[in-house]
> 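I am attaching a structure below and will ask some questions about it afterwards.
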Amino acid sequence: MSSLSTAYEPKHVEEKWYADWLKENYFHADPHSSKSAFSIVIPPPNVTGVLTMGHVLNNTIQDILCRKARMEGKEVLWLPGTDHAGIATQTVVERELKKTEKKTRRDLGREEFLKRVWNWKEKHGGIIIQQLKKLGCSCDWERERFTMDEAYSCRVAEVFIDLYQKGLIYRGKRMVNWCPISLTALSDEEVIPKPQQSTLYYVKYEIVEKPGTFLEIATTRPETIMGDTAVAVNPEDPRYKNFIGLHCRRPLPEEKQEAISIIGDSHIDKEFGTGVLKVTPAHDKADFEIGQRHQLSIIDIMNPNGSMNVLAGKDFQNLDRFEARKLAVEKLKNFGLLIREEPYQNNVGFSERADVPIEPRLSEQWFLKYPKTQEARDAVRKHLIRFFPERWEKVYDHWLENIQDWCISRQLWWGHRIPVWYHKKNLSEIKVSLTSPGEDWEQDSDVLDTWFSSWLWPFDTMDEKTLAKFYPTSVLVTGPDIIFFWVARMIMAGLEYKNEIPFHDVYFTGIIRDKQGRKMSKSLGNSPDPLDLISKYGADGLRFGLMRIAPQGQDIRFDETQIVEGRNFCNKLWNACRFRLLQGSIDPQADPSKHELTLFTQDLLAKLNDTLTKMNCAFAGYHFNEMAQTLYDFVWGDFCDWFLEVAKAEFNSSSNESRKQATLATIDYTLSHILRLLHPLTPFITEELWHELGFDQGTIQFANWPQASSHFSSEPKAEMIYQSVSKARTLRTHYNIASNKKVRWLLQIKEPWIQNELHVIQTLLNAQTLELITVENASPMCLTDIGNFHLPLEGLIDRETEKARFTKELEKAKKDWDQTQTKLNNPSFAEKVPSSVLQEHQERAKKLEEKIDQLQTQLKNLDNLSWL
RNA sequence: GGGCAGUUAGCUUAGCGGUAGAGCACCUCGUUUACACCGAGGGGGUCGGGGGUUCGAACCCCUCACUGCCCACCA
C-alpha cells in the first residue's frame with residue numbers, strides 16, 4: 001500500500017534528509033581512505049553575503065559532481081568556507097556604523113572598529129552557509145574555513161614574507177588606482193571602465209617667448225590644470241615641432257601662473273584633439289610616465305578624498321573635484337582662454353565597490369611581481385589544466401602575457417595586516433616578519449588585497465594529510481568574471497608553493513540574466529531570492545529547473561517558469577513511484593534479464609541503456625543541461641508516457657503472469673536506475689523515494705553509479721506499435737471523438753506476432769473493442785496504416801472527410817517523392833555522395849512509391865466501402 | 001581600437017553538412033483509479049541580412065547588422 005501523498009511536498013522531505021545526512025556524517029572526507037580521491041574547493045562566498053542565483057548555479061554544479069563521484073566509489077572532499085572580502089565587508093559595516101551611531105571608523109579607532117567587524121561577521125557570517133545547506137550542498141562542513149582564520153592568516157603573512165625575500169614583493173611610489181570613497185588603492189582588476197558622456201574643453205595656453213601666440217589644448221579634466229608641469233606635442237608634428245623647448249603660461253591657479261616647458265614626446269597622438277597634450281604627472285597614469293621620461297616635477301593638487309588641496313590655489317582648496325571642474329571652466333571663460341566645448345564620449349574608470357570614478361594617484365604601495373607566470377601559461381596551454389569551455393584559455397593566456405605587477409596593499413583595516421615593521425625613529429628602516437621585532441617598531445598600517453589571501457585557497461585550507469590525499473583538486477567551478485582575480489592567481493600560487501597545479505579542470509559557468517537579458521543585480525531588483533524559490537518549488541525543483549536551462553559557458557536567461565517545470569518534473573517522478581507502489585512492494589534486486597522480456601520491456605531497457613551512455617557522456621564534458629534534459633525525456637516520455645501505460649495493460653488485462661512479472665521487474669530495475677542517475681541533480685526526492693520504495697536500507701548517496709548493460713538491444717516492433725497508436729489517436733481527434741469515448745477499432749494485421757500485443761494496443765487506444773480482420777476477408781482498405789498493421793476506426797467516419805485526408809496525404813507523398821527523385825536524377829549526386837546516403841535516398845524513394853501506390857488504391861476503394 | 005560569444009516557433013532552447021526537434025505558452029478534447037504540478041491531439045519556423053563553397057547548408061567560408069561580455073594609458 002502506498003503511503004505517498006498524491007503530490008510531492010519537498011519541505012518536510014528536504015529538512016528531514018539533510019539533518020540525517022549531517023548526523024550520519026556522509027559528507028566527511030577521510031584522508032586515510034583507500035578510495036581514489038575527488039576534491040573541490042568551494043569558491044568562498046563573501047562572509048556577509050546572502051545566496052544569489054549565481055551561487056545556486058555554481059554550487060548545484062559542484063554538488064552534482066561531488067555526489068556523482070561518491071556514487072562512483074570515490075573519496076570525496078568538498079571543502080567549504082567563506083571569504084573576508086575586505087572592501088565589501090568593511091564598507092557594509094562602515095555604512096551600518098554611520099546609520100546607527102553616526103560615526104566613522106576613525107571615530108572608533110582601529111581596534112574597536114575591527115571588533116565591530118568581527119561581531120558583524122559572527123552575526124551575519126553564517127547565513128550563506130545555512131542557505132547552501134538548504135540547497136542540499138554536500139560539503140564537508142567540519143572543514144569549513146574562513147580566510148581570516150588564524151592558521152590561514154598566518155600562511156598569508158608567511159607567503160608575503162617569502163615573496164619579499166625572493167625579491168618579488170617591493171614597495172614603491174607609483175601611480176595607482178585610488179578610490180576617493182574607500183580611501184584605498186585598488187588593483188587594475190577592480191577598476192571598471194564605463195562609457196561616460198563627458199565634455200572636451202579646448203583651452204588656450206599662451207607661449208611665454210611669443211606673447212600673443214597660443215597653443216590650443218583639448219582636455220576633459222580642466223580641474224587638473226593646476227597640476228600641469230609641461231605641455232607635450234609629437235616631435236613629428238610639423239605644426240608644433242618648432243615650439244619644443246619654449247614655454248607656456250599655465251593659466252591656473254591664477255595666483256601662480258607658472259611657465260611650463262613645451263616638450264616633444266612620441267606618445268602624443270597627432271590626430272586627437274589639437275595634437276597638444278597638457279601633462280599632469282600627478283593625476284594621470286600616462287602623464288606620469290611622460291613625466292618620468294622628461295624628469296618633470298610633480299604637483300599633487302588633490303586630497304585623498306578627491307577634493308582639491310592647497311596647491312590647487314585658494315579658490316579651489318577643499319572643493320570637490322567635480323565642483324573644481326566647473327570653477328576651472330568658469331575661470332578659463334573669464335580669462336578668455338576657453339575656446340569651445342564639445343560633447344565627448346570617453347571611458348572613465350570606476351571603483352568596483354564604491355561606484356565612483358577612481359582617481360589616478362601617486363602613492364606609496366606594495367607591489368608583487370607575479371611568480372611562475374610562464375609555468376602558469378604553459379599549464380593551461382599544454383592542457384595540464386583543462387578549461388571548459390576551452391575558449392577561456394585564450395583570455396587567460398592573453399592576460400598572463402601582458403601581466404602587470406599587482407598592487408597588493410589596501411588602505412583598509414579589515415584584512416590581513418601587512419607583516420612589515422618600521423622603526424619608529426627611522427621610518428626607512430624596515431623589517432619583514434610575522435611578529436613585532438620589538439618596542440621601537442611599528443607595523444605597516446595597510447592590509448593586503450583580499451585576493452592575496454584567496455589565491456592560497458586550494459591548499460592552505462588543508463592540513464598535511466588532506467593535502468597528500470586531495471591536492472591537486474579535481475575541478476574548480478567558478479564564473480569567468482574572476483578568471484584573473486582568482487583562477488590565474490591560484491594557478492601561480494599553486495605552482496609556486498606546492499610545485500603543482502591546483503586543479504585539473506576548470507568549469508566556467510555562465511552568468512545568470514533576467515528575461516530581458518540584463519545581469520541580475522540588487523539595484524535592479526531583478527534577482528529572485530533563491531530561498532523563495534526553494535520554498536515555492538523545492539530545492540530539487542530549483543536545481544533541476546536551473547540545470548535544464550544552463551547551457552555550457554553560455555549566459556543563462558532566467559525564467560521562473562523553468563523552475564516550475566523542475567518542480568513538475570519532481571512531481572512526475574514522485575507519482576510514477578506511487579503508481580509502482582500501488583502494485584505491491586518492489587524487488588530491490590529485480591533483474592529483467594532473468595525474465596522473458598516483452599517487446600516493451602526490451603524496448604524500455606534499451607532506451608535506459610542509451611540514457612546511461614548519454615549521461616556518462618554529458619558528465620565527461622560537463623554538459624549539465626544535457627544531463628537534465630536526457631533524464632527528463634527518458635523519465636517523462638519513455639518511462640511514464642509510454643511504458644507505464646503499457647504496464648497498465650499488462651497488469652489489468654488477461655495477459656499472462658510471465659509478462660506481468662517481466663514488466664514489474666523492468667519497472668523496479670528502471671526506477672532503481674532513474675533514482676541513482678537523478679540523485680546528483682535532485683538529491684532530496686531521490687533519497688526519499690529510495691527509502692520509500694525500499695531499494696536499500698542505507699542512503700542512496702553511496703549506491704553504485706549505474707553501468708550500461710550489453711543485455712538489452714533496441715526493439716523496433718515496440719516503437720512501431722507506439723507510432724501506430726499515435727496515428728490512431730490523431731485519427732480519433734480528427735473526427736472529434738472525445739478521448740474518453742470508447743469506440744470500436746478494427747485491426748488488420750500482416751504479421752502474426754501482433755496478436756500477442758493486442759491487449760496493449762487496446763489499452764493505449766482506450767478502445768472499446770479491437771476487432772481483428774484477417775487479410776482474406778478484410779476490406780481492401782485501411783484508414784491508418786503503419787508497417788505491419790492497419791487500424792481503421794469503424795462506424796464513426798465519413799467518406800468525404802477520409803477522401804480529403806487521403807488526398808492531402810497523397811499530395812504530400814508525391815511532393816516528397818519528387819524532391820527525392822530530383823536529387824537521385826542529378827548525376828553528380830550519385831557520384832559524390834557516400835554510398836550510405838545514396839542508399840538512404842533510394843530507400844526513401846522506394847518507400848514513398850509504395851505509399852503513393854497504396855494511397856491511390858485506398859482512395860479508389862473508399863468508394864466501395866459499404867460501411868461508410 | 002582589438003578579441004570572444006550569441007542571433008533557430010510568442011518564450012526557453014536542442015541540432016553543427018543529407019528533407020527543422022523539444023518543453024512552456026496557445027487552441028481542441030478529456031475527472032480512462034500514479035500525477036490537472038495531469039493525459040491525448042493540434043496550429044505555429046523562408047534557422048538575423050547578403051554573398052560564396054557544395055550534388056546538397058541552420059550547420060563550412062566571407063561580409064554586414066544587432067545583442068552581450070572581455071581586453072586596451074588617445075588626453
Side-chain angles (χ1 to χ4, degrees), chain A residues 2 4 6-8 175 193 200 217-221 224 232 267-269 271-274 276-280 284-290 344 346-347 349 360 389 391-392 394-395 398-399 402 480-481 483-484 510-511 513 515 517-519 537 541 548-549 551 553-559 561-562 564-583 625-626 629 632-633 636-637 640-641 644-645 648 726 729-734 736-742 763 766 816 819-820 822-823 826-834 836-838 840-841 844:
Chain A
S2 168
L4 303 185
T6 58
Y8 173 55
M175 236 17 198
L200 198 54
I217 298 177
T219 179
T220 53
R221 299 204 65 189
T224 63
H267 165 265
I268 281 70
D269 181 353
E271 309 302 319
F272 185 87
T274 58
V276 187
L277 173 74
K278 68 186 215 42
V279 185
T280 323
D284 184 280
K285 212 176 162 191
D287 289 9
F288 178 76
E289 280 159 22
I290 296 172
Y344 178 66
N346 63 342
N347 277 326
R391 66 186 147 88
W392 295 109
K394 262 185 260 174
V395 178
H398 181 254
W399 185 73
N402 301 292
D481 46 334
I483 190 166
F484 311 136
I511 291 165
R513 307 178 164 282
K515 270 186 176 174
R518 300 173 306 178
K519 207 167 166 173
Y537 308 112
R548 227 170 128 230
I549 54 165
Q554 223 82 294
D555 287 357
I556 294 144
R557 297 285 180 110
F558 180 78
D559 185 342
T561 62
Q562 308 293 142
V564 173
E565 284 178 44
R567 188 267 317 260
N568 295 354
F569 176 74
C570 290
N571 191 247
K572 188 74 182 176
L573 175 70
W574 180 260
N575 275 289
C577 291
R578 260 189 83 220
F579 171 73
R580 174 58 189 86
L581 280 179
L582 290 170
Q583 318 304 321
N625 59 333
E626 205 175 304
Q629 192 57 42
Y632 187 96
D633 290 343
W636 204 307
C640 292
D641 286 347
L644 289 186
E645 294 308 314
K648 284 176 189 171
S726 288
R729 285 169 175 169
T730 308
L731 187 66
R732 185 199 264 278
T733 302
H734 199 88
N736 267 326
I737 300 161
S739 44
N740 62 338
K741 182 161 184 171
K742 302 244 178 194
T763 304
N766 191 29
D816 287 354
Q819 220 170 46
T820 312
T822 313
K823 270 190 178 180
N826 184 340
S828 47
F829 178 74
E831 231 171 83
K832 298 189 178 172
V833 107
S836 60
V837 175
L838 190 65
E840 240 173 64
H841 278 76
R844 186 188 299 153

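Chain A is the first sequence line, chain B the second, and so forth, proteins listed ahead of strands; every chain is numbered from 1.
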> Begin with the C-alpha distance, continue with both residues' side-chain angles, and end with the deciding distance and a verdict on side-chain contact (heavy atoms from CB on, under 4.5 Å) for A:Val564 and A:Asn568.
CA-CA 6 Å; A:Val564 173; A:Asn568 295 354; 3.9 Å; yes

> When you look at A:Thr224 and A:Asp284, which way does the side-chain contact (heavy atoms from CB on, under 4.5 Å) test go after all the steps?
CA-CA 10 Å; A:Thr224 63; A:Asp284 184 280; over 6 Å; no

> Between the protein and nucleotides 2-8 of chain B, list the N/O to N/O atom pairs that are separated by less than 3.5 angstrom.
| residue | atom | partner | partner atom | Å |
| --- | --- | --- | --- | --- |
| B:A5 | O2' | A:Gln554 | OE1 | 3.3 |

> A:Gln819 has a side chain; which of B:C35, B:U19, B:G18 sits nearest to it?
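Per side-chain heavy atoms of A:Gln819, the pick is B:U19.
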
> Choose from B:G23, B:G68, B:A40 the nucleotide whose nearest atom is closest to any side-chain atom of A:Tyr632.
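From the listed options, B:G23 comes nearest.
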
> Could you tell me whether A:Asp481 contacts a base, only the sugar-phosphate backbone, or nothing, with contacts defined as non-hydrogen atoms closer than 4.0 Å?
nothing

> From the list B:G18, B:A40, B:C11, which nucleotide is the closest neighbour of the side chain of A:Val837?
B:G18

> Among the nucleotides B:G42, B:C73, B:A75, which one has an atom lying closest to any side-chain atom of A:Thr730?
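For A:Thr730, the side-chain atoms sit closest to B:G42.
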
> By the 4.0 Å heavy-atom rule, please label A:Glu645 as base, sugar-phosphate, or nothing.
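Base, at least one base heavy atom under 4.0 Å.
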
> If you look at every strand shown and take non-hydrogen atoms under 4.0 Å, does A:Trp636 touch a base, only sugar-phosphate, or nothing?
sugar-phosphate

> Using a 4.0 Å heavy-atom cut-off, does A:Arg580 contact any base of the nucleic acid, only the sugar-phosphate backbone, or nothing at all?
nothing

> So how far is it from A:Leu573 CG to A:Trp636 CH2, rounded to the nearest 0.5 Å?
10.5 Å

> Rounded to the nearest 0.5 Å, what separation is found between the CZ atom of A:Arg557 and the CG atom of A:Asp555?
8.5 Å

> Hey, does A:Ala738 reach any base, or is it just sugar-phosphate, or nothing, if we go heavy atoms under 4.0 Å?
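Sugar-phosphate contact only - A:Ala738 comes under 4.0 Å of backbone atoms but never of a base.
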
> Taking the side chain of A:Thr6 as its heavy atoms from C-beta onward, which of B:A14, B:C35, B:A75 lies nearest to it?
B:C35

> Quick one: list whatever passes side chain to side chain donor-acceptor pair (under 3.5 Å) with A:Lys572, sequence neighbours left out.
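Scan of A:Lys572 (side chain to side chain donor-acceptor pair (under 3.5 Å), adjacent residues dropped) gives none.
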
> Among B:A34, B:G23, B:A75, which is the nearest nucleotide to the side chain of A:Glu565?
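Of all the options, the side chain of A:Glu565 is nearest to B:G23.
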
> From the list B:C37, B:A34, B:C70, which nucleotide is the closest neighbour of the side chain of A:Phe579?
B:A34

> Taking the same atom, P, in B:C26 and in B:U67, what whole-Å distance lies between them?
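These two P atoms come out 31 Å apart once rounded.
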
> Counting only side-chain heavy atoms from C-beta out, which of B:A34, B:U12, B:C38 sits nearest to A:Ile549?
B:U12

> Choosing from B:G41, B:G23, B:A75, which nucleotide comes nearest the side chain of A:Phe272?
B:A75

> Using Watson-Crick pairs (N1 to N3, plus N6-O4 or O6-N4) and G-U wobble pairs, both distances under 3.5 Å, which stems of at least 3 pairs involve RNA chain B?
B:1-7 with B:65-71, B:10-13 with B:21-24, B:26-30 with B:38-42, B:48-52 with B:60-64

> What nucleotide, of B:G18, B:C29, B:C73, holds the atom closest to the side chain of A:His267?
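Closest nucleotide among those given: B:C73.
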
> For A:Asp287, which contact category applies under a 4.0 Å heavy-atom criterion: base, sugar-phosphate, or nothing?
nothing

> Tell me what A:Cys570 touches on the nucleic acid: a base, only sugar-phosphate, or nothing, going by heavy atoms under 4.0 Å.
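A:Cys570: no heavy atom of the nucleic acid under 4.0 Å.
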
> Fit a plane to each ring of A:Trp399 and A:Phe484, take the angle between them on a 0 to 90° scale, and name the class: parallel (under 30°), tilted (30 to 60°) or perpendicular (over 60°).
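Aromatic pair A:Trp399/A:Phe484 classed parallel.
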
> At less than 3.5 Å, do the side-chain atoms of A:His398 and the base atoms of B:C70 form a donor-acceptor pair?
no

> Which part of the nucleic acid, if any, lies within contact of A:Lys278, taking any heavy atom under 4.0 Å across all strands shown: a base, the sugar-phosphate backbone alone, or nothing?
nothing

